Structures are given as C-alpha cells and as structure tokens.
Trainee: 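Quick one: the structure is below, questions incoming.
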Amino acid sequence: MERYNFKTIESKWQKYWQENKSFKSSISKEKKFYCLEMFPYPSGKIHMGHVRNYAIGDVLARYKSLQGYNVLHPMGWDSFGMPAENAARQNNLNPKTWTEKNIQTMKSQLKQLGLSIDWDREISTCSPEYYKHQQKLFLDLYDKGLVYRKESYVNWDPVDKTVLANEQVVDGKGWRSGAVVERKKLNQWFFKISHFSEELLKDLDQLNDWPDKVKTMQKNWIGKSFGCEIDFPIEGSDKVNSIKCYTTRPDTLFGFSFLALSVDHPLSKFYENDPEFTKFKETCSKTGTTEESIAQAEKIGFKTNMLAINPLDKDNKVPVFFANFVLMDYGFGAVFGCPGHDQRDFDFAKKYKLKITTVVKPLNEDDNFVVDSEPHTGSGIMINSKFLNGLSVPEESISKTIKYLEENKLGNKKINYRLKDWGISRQRYWGCPIPIAYDENNNVVKIPEKDLPVALPNIEKINTDGNPLDTEDKWKSIIIDGKKCIRETDTLDTFVDSSWYFLRFCSSKNDDYPFNQEDINYWLPVDQYIGGIEHAILHLLYSRFFVRAIELENKTFNLKEPFKGLFTQGMVCHQTYKGKDNKWLNPDEVFSENGKDYFIKDRPKEIVKVGPSESMSKSKKNTIDPEKMIAEYGADSVRFFILSDSPPEKDIQWSDSGMNSSFKYIQKFWLLNEKIFLVLKDKKVNSNENIDLFVNQAIKKINFALEKFRYNVIIAMFHEIYSFFNKILETNLNYSNLKENYKKILITMLPVIPHLANECLEKINEKKEIKWPIINDKFIKNDKSNVVIQINGKKRAVISVDKGLGEKKILEQIKHDKLIDKYTNGKDIFKTIYVQDKILNLIIK
RNA sequence: GGGGCGAUGGCGGAAUUGGUAGACGCGUUGGUCUUAGGAACCAAUAUGGCAACAUGUGAAGGUUCGAGUCCUUUUCGCCCUACCA
C-alpha cells in the first residue's frame, strides 16, 4: 500500500474544483446561506490567523452546502491602506503594483488551502470598478444629508509634515519622526453616524446570534447616558451671559464649586490674545494621548475672571476655569464641578483649594457627614440641598431635580450619546478619492455621476512629505459645468471600503450599480460572519450604519442588520524566543531536544530564552509560515490541526507535535481507507449492528458540534472514528452495512479535510451522490441502556437494562446485587429517585 | 476608575446544558518489531493506596436525592475601555 501523496491528490481536487466551478453561486429557489469571513488586507503573504479564520468559515460553508443550502462564499481584498503607501515610500515602489502582487501571492496561497470560494465574485477595494460605486454611494449619502464637512482636529507630525492616525501616535510622539505631535485644525468630511445612535443601540437586542461580548462593547461605545442640560448665568464678562453644561448628576448642584471649560470651547477665542492662556493651551495639547499618560495626567486649569452662578442658589457664585480634563466633543465641552461627589472634580478642587460641599451622605452616616479624603460617588441620601434634602440618591434625587429645573426653565432633560460622527477624511494617497471639488469661492461641488470614478492618478514614486495628491496639480484641476474647480485631495478612510463590501459581493459584476436589488433581497443578511474580535466595534458598527444609511431613502432596500450571525475566532499563538543579544528569534532558528531547553541552530551552544506564548506577530518573530506548512504537511493536515486543539473562539497554541499528529492522522486514515476498500471487494456477510449504532451516534455528535462551532470536538470524533473502523477491520469481514456507513462518515469529513475525504469517497461512491447523512433514530436508541446506580448521590454501579424499564423492575434486579448490598448495609431504602434509562439514586439513612 | 471573560490531570481541552468528571489529542512510562530510530504498533497514564477504598473541577458557603454546571461571597488571571461630566 502506498503512502498518501497529498501533493498530487490536493492539487487534483483543487484543479477539479476550479475547472468545474464547483463553488459558483447564483440566485435560485433553494434556501440560501451567505457565509462570509472578513476579507484580508493584502499585506504580502497569508498568516496563520487567516488560515484559522478561513478554515473555520470553509467548514461551515461546505457543511451548509452539503445540507442542501445554496451557499454564497465569496472572497475579496481590503486593498486600500497605509501599508502600501508606507512600502511605497520606503522602497520607492508603486502602491498599485505592490498591492496587486500581494493579492496574486495571497490568492494562490488561499487556493492551496482548498477553500470552497466562489472566486468569480472576487473584488478588490482599490480597483476603480469597486470604488466608483463607493463614490456613488458617498454622493447619495451627501444628498441625504448624511455627509457633511466641518473643521476638526488631526494629529500632525511637524517633522514628517503628515497627518497621523491615532495608533501612529506613541506617547504623544510621531512613530517615525519621534517629533511631538501637534493638533491641527483641518476641514474634514464626516458621516453622520450619530443620526442612528439610538437605532444602532436598540437594534443590538435583535442580534441573537452575536456574542454578548461584542454587543456590550458596541453598547459602551455608543454610550447612552440620561442627564440634563443646565444654563449657568455668567458674571464678569461682557461677552457671554451664560454657559451650558451637560450633567448626569444635576442632583449634586448644591455642591457646585467651579465650572470648567474645554480649551477648545468656543469661549476660548476671547482668550487667544492672552499669552498665559496660550501657554496653558499648549501645555494641555502636549499631554500625551496614550491611555497611561491620560490616566496619570495631573488636572490643571486656567482661571478666568468669569463667575458662574448656581441656578438653584443665586448666592452660590463660583470661578470659571479652562481645564485639561474637559473634552470638547462630549456634551457641551463644559462641566459643572462638584468635588464632593466626583473623583476628577475632587482632584481639581484639592489642587486649586476650592470649596468642597457635601450634598450626599452614605446611608449609614448621619447628617453631619463631610467628604474628607475622598469623594463619595455612591448612593445615599441628599443633605445640605434645601428642597432636595432627604431624597434617596440616585433613585429620587435626579428625577426630582430635573423636574424642578424644567418647571423653572433652568434646564432640560437630555439624553446624550458618546458616539461621535465618523471622520472619514484621510490625508493620504492610497485610498478612495472623495468625489468632491471646490469652486473658486470654495463652495462644495459634487463630481457629476457620469464622471465617476474619480480615479487615483498613477504616481510612480511617492517621496513627497504629506499627501502626494496635493502636488498633483494637473489631476487637481477640473472643470465642472464650465466652472474651474479644484478637487478634494483627501481620500476616504479605508473603513468605508469595508462597510459595504458584503453588499457588493452579491452583485460583484454589475457595472451600473453598486448592487442589484434582487441580489440583495435574496442573499442578505449575511447568515454567518466570521472574523477577529478586533473589529468588534468600528468595522461592525460602520457596516450597521451603512445599511441604515442606504435604507433611509431607498424604499426597496429592506435591510437593517447586515450580519445575522457573528462569530469571533481566537488568535493563533506561539512561544517566543530571544537570543543572548535580546533579539527575537523565529521558531525556525531554534531547536530543542527535550522540549524544554532551546538552542540556536547556527550556534548550538547558545541557550535561547523562551518567552510565554503570545499571538503570532512579525515584530516578535514568533510566526509560522502557512505556505511552508502546507508544502510540508498538506492543506488537509494544516486545516485539521488549526481546528483541533482549541475551540474556535479561544486562542490556539501552534505546536509542532500537534501539527505532526494531524499529519499522521491524514496518513493513517488513507491507509485505513485502502484496507476498507480491499475488504469491500470480498463477499458480504451479515450486517453488524455496532456499525450502525456507532456511525449514527457519531453523526449526531458531529451535527451538534457543527451547529455550535465546537470544531475541536469534531476532530476528536474523527479520531474515535478511525479507531472504530480500524477495529472493525480486524475481523476482515465485509459486513453488508459497512460500505453505506463508511460512506456517511466520509461525507461528514468533507467540510474539514475536503481533499482526502473526496479522494476516499470517489472510490466507493459509484452513484456520485453526496448528501449530508440523515441520522436513523432507530440506531440512536439502543435496546439496552446503562443505568447508573447511586447510593446517596454517589455512583456505585452501572447496570445494563432494557430500554424504558421501570423503577420497580430495576430495584428488583439489583436487590440481590452484592455490590449494592455492601453499601446499603442492610439499611432500609428511604427514598429513590429514578430518571429513566439514566440513573437510579437510592437514599438510605 | 468602568465593563467583560475565564479558572477542570504534566499540557491543550471534553462533559449531550443539573445526572457515570477527565472524551480526544499532546506529553510521559512500559512493551513489541527493528541494524537503528526522534518510525510503526500495543498497553498504562487525575491524586493517594499493594488493595478494598478514599479524595478530586481556584477557595469558602448555599440550593438539590444529585453541582464542573445554579446562587452568594472571595482569590487569581486575561481582555476590552477610559479624564464621557
């Protein structure tokens, strides 16, 4: 018997699938299933994370297809973005060429994995065929008032003269130049996602097939809060009469001791000529934007001459500050400070020696309670607050205060959302051009639809600072309706590209429209979306926004939620290695004889420092190259392993021994198949009931695991299946029910190891019929069942009895059992609990 | 500071959802075969004990005939998020 040659077999089937367009999908009367994995960024080569993501998706797609669903399983490329531009700057490359080459490489790698993808629907977001529709959508949204332009701050690197994304700002400095990042005000485009804040929050409840974790994250991100807006009259300024604040704690108004404004508050313009203020503002902007620096940053303020008056107590006049801890983009950029009952306000008041009035006492304190070393932020009873005294906090106090404020026209109930509008302008080259121009008076002019796409000019070498499009004078100038205009040079955030690609897949070849309504109505929503948890908020929220935005005036577009089911898979991890020089080492560069001590291959005497297992990353060099693994072990082995060791939602450790064992499994299963094939040539003898029993129960377990994404359990089942059939073969008999059962098993293997399973199946499946096996209940139910005999809840014996046997009969049967006797010790049975076919619990005293 | 998830053998993990804890894999140990094996096959493998048996799902309580699973308290670990008024 020959060893399994995965190279020839795998390429045979991949060729077959390609030539027969086995995964081509089109609208039909069948029930559909849209299976989608998050499409990759073409960074160069696929990594293990992709392998895991797409292996999980492929199992599902193939399973659903075998079940008779009409499956849509497409793939594309999220191909705009900064890595291409950075690579271009660093190596003097053309981003388009770089990207296209990567796509080619990665596509061939994905094909080697044997994925059941309908490649005819492939899309690439950087192609004009794709982004011209995106530009159309942008203009549609503009017409609906969901796109607008306003001045907003960006991170500006003064040395590189470029705009930085938040994640490129490290400790307040530019990641490449190391220069202190400035805040710069630019005119930028926004999507009005806040228009849907309430809907996006409320509709999360409908998403029953989403992980709670993701829903919670989105809920927190949207950040709905119930509070009130209050006008504070101002003294000491001829410029303003009042300042508006938002608060969720109006009940603490009698503890009012200062009012703080953001340095970006509109009132700051009156202080622009004050050098002290300018200096203060500068200090604020230098405070890093990282989490740590914010948490540690001291609260500082700039005192103005203004006094704010407590609307509930005219005698209570307090100073107005500009303060570094007040954000302009939340509420009104102004807060009323109550140091007694808020940590920040407390810190600030301590520093500037402001009055601290206690207005809430904890339940277990008396009315003389005074806030001392820390604020009391919890619940309690109102004190020192005139008409509010005695109310419970927060149940009665807040609503009563708001009612009073509203009745006296001092403030209004207000619901606030943390969710901000989505800034989509990027001062970058490698993105979708914004289809807008400006006339000589700087008025916004839409690019006419007939002129779409606004194609990116081809720039061979990117070596300018800032946005390369700014210097493309020829491209920039355009005449619209006879008027000279200048194009917008910003491009769209790449999150826009991925916010509707799942729609495009349904009509990827339709040149006239972004998508065809008939296609959308049939295929959407995506039944199962699979990807990393890192997209829990932005990508998924933006996509949810997009379908709502499209639906707003498109009456035939009847879709609220793009993704019915969501599954977030865990990461692929590997140990990390460091040499003497503290430099990271790739697993390829080290070896170990005992699995504990590692040495460097080139320098076998040098011991390697082994670090904890972490998610694979280029920077830590703890990556395993999927292509190498496929070349060495074959795609089926790799798929088998990546699904075997951990449940898909959890992190998985890459291990050589695990990979090796998966490879062995594929090999030995092939040999098993050969042996079975030989046996099947012999004369049939009587059927073997055990086979029916085992196979039907196995399929039941596999079905259950498939539905619950417990793919690691399926792999365990496959091991048991191997052992079972291997044992059957020891009899060397061709049971009449062997073939039919074995065929069923092979079909259940198709989703996981499609090459091997197809190859094995081909030999015995003369009728060429492949359908997911139906369980025969007759064989699930054995005539006999094992009943556990417990005494006082402890397992003492297991007996085999006829199914459905009554309690009395069982008691009768075990009465004379010595084992039982021993435990009952002659004592009377006080009570019995019987669960049919499962358990009999005897309670004795 | 806020929120979430988790804790089961030497390791990764099973447990049909309150009913035989440790499936399956890795590792380890012993054996068979072999010139050899880091190959293949067979067997053992939660802990203590020769055994009968006892103990055992981070810890402490509770509900129950029965708890890894439900409730309360607690410890530890990981992740997300954050000056959100």
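Residue numbers begin at 1 in each chain, while the letters A, B, ... track the order of the sequences. Just so we're clear, the structure is a prediction, and the values are computed from it rather than from any experiment.
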Trainee: Hey, which of A:Arg52, A:Lys213, A:Arg710 is the one that makes salt bridge (Lys or Arg N to Asp or Glu O under 4.0 Å) with A:Glu649?
Mentor: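 Of the listed residues A:Arg52, A:Lys213, A:Arg710, the salt bridge (Lys or Arg N to Asp or Glu O under 4.0 Å) partner of A:Glu649 is A:Arg710.
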Trainee: Taking all non-hydrogen atoms of both residues into account, name the closest pair between A:His265 and A:Gly333 and its distance.
Mentor: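 Minimum heavy-atom separation between A:His265 and A:Gly333: CD2-O, 3.4 Å.
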Trainee: Please encode protein proximity along nucleotides 62-67 of chain B as a string of B, S and -, counting only heavy-atom distances under 4.0 Å.
Mentor: ---B--
Trainee: For nucleotides B:U69 and B:U64, find the distance between their P atoms and express it as a whole number of Å.
Mentor: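 These two P atoms come out 16 Å apart once rounded.
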Trainee: Do A:Lys281 and A:Phe322 form a cation-pi contact, if we require the NZ or CZ to be under 6.0 Å from the six-membered ring centre and within 45 degrees of the ring's axis?
Mentor: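 Output no; distance or angle outside limits.
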Trainee: Does B:C70 have a Watson-Crick or wobble partner in any strand here, with both distances under 3.5 angstrom, and which is it?
Mentor: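 Partner of B:C70: B:G62.
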Trainee: What integer distance in Å separates A:His574:NE2 from B:G12:C1'?
Mentor: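 Rounded to the whole Å, the gap is 14 Å.
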Trainee: Only pairs with both distances under 3.5 Å count, Watson-Crick or wobble alike; so what is the partner of B:U34 in this structure?
Mentor: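 Partner of B:U34: none.
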Trainee: Name every residue in residues 334-343 of chain A that has at least one heavy atom under 4.0 Å from any atom of RNA chain B, in order of residue number, or write none if there are no such residues.
Mentor: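 Residues of residues 334-343 of chain A that come under 4.0 Å of RNA chain B are, in numerical order, A:Val335.
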Trainee: Please produce a list of atom pairs where a protein N or O lies less than 3.5 Å from an N or O of nucleotides 38-42 of chain B.
Mentor:
residue	atom	partner	partner atom	Å
B:A40	OP1	A:Lys664	NZ	3.4

Trainee: Rounded to the nearest Å, what distance is computed from the CZ atom of residue A:Phe325 to the C1' atom of nucleotide B:C83?
Mentor: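 My rounded result for the distance is 8 Å.
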Trainee: Both conditions, 6.0 Å and 45 degrees, for the charged tip of A:Arg3 above the ring of A:Trp670: are they met here?
Mentor: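 No.
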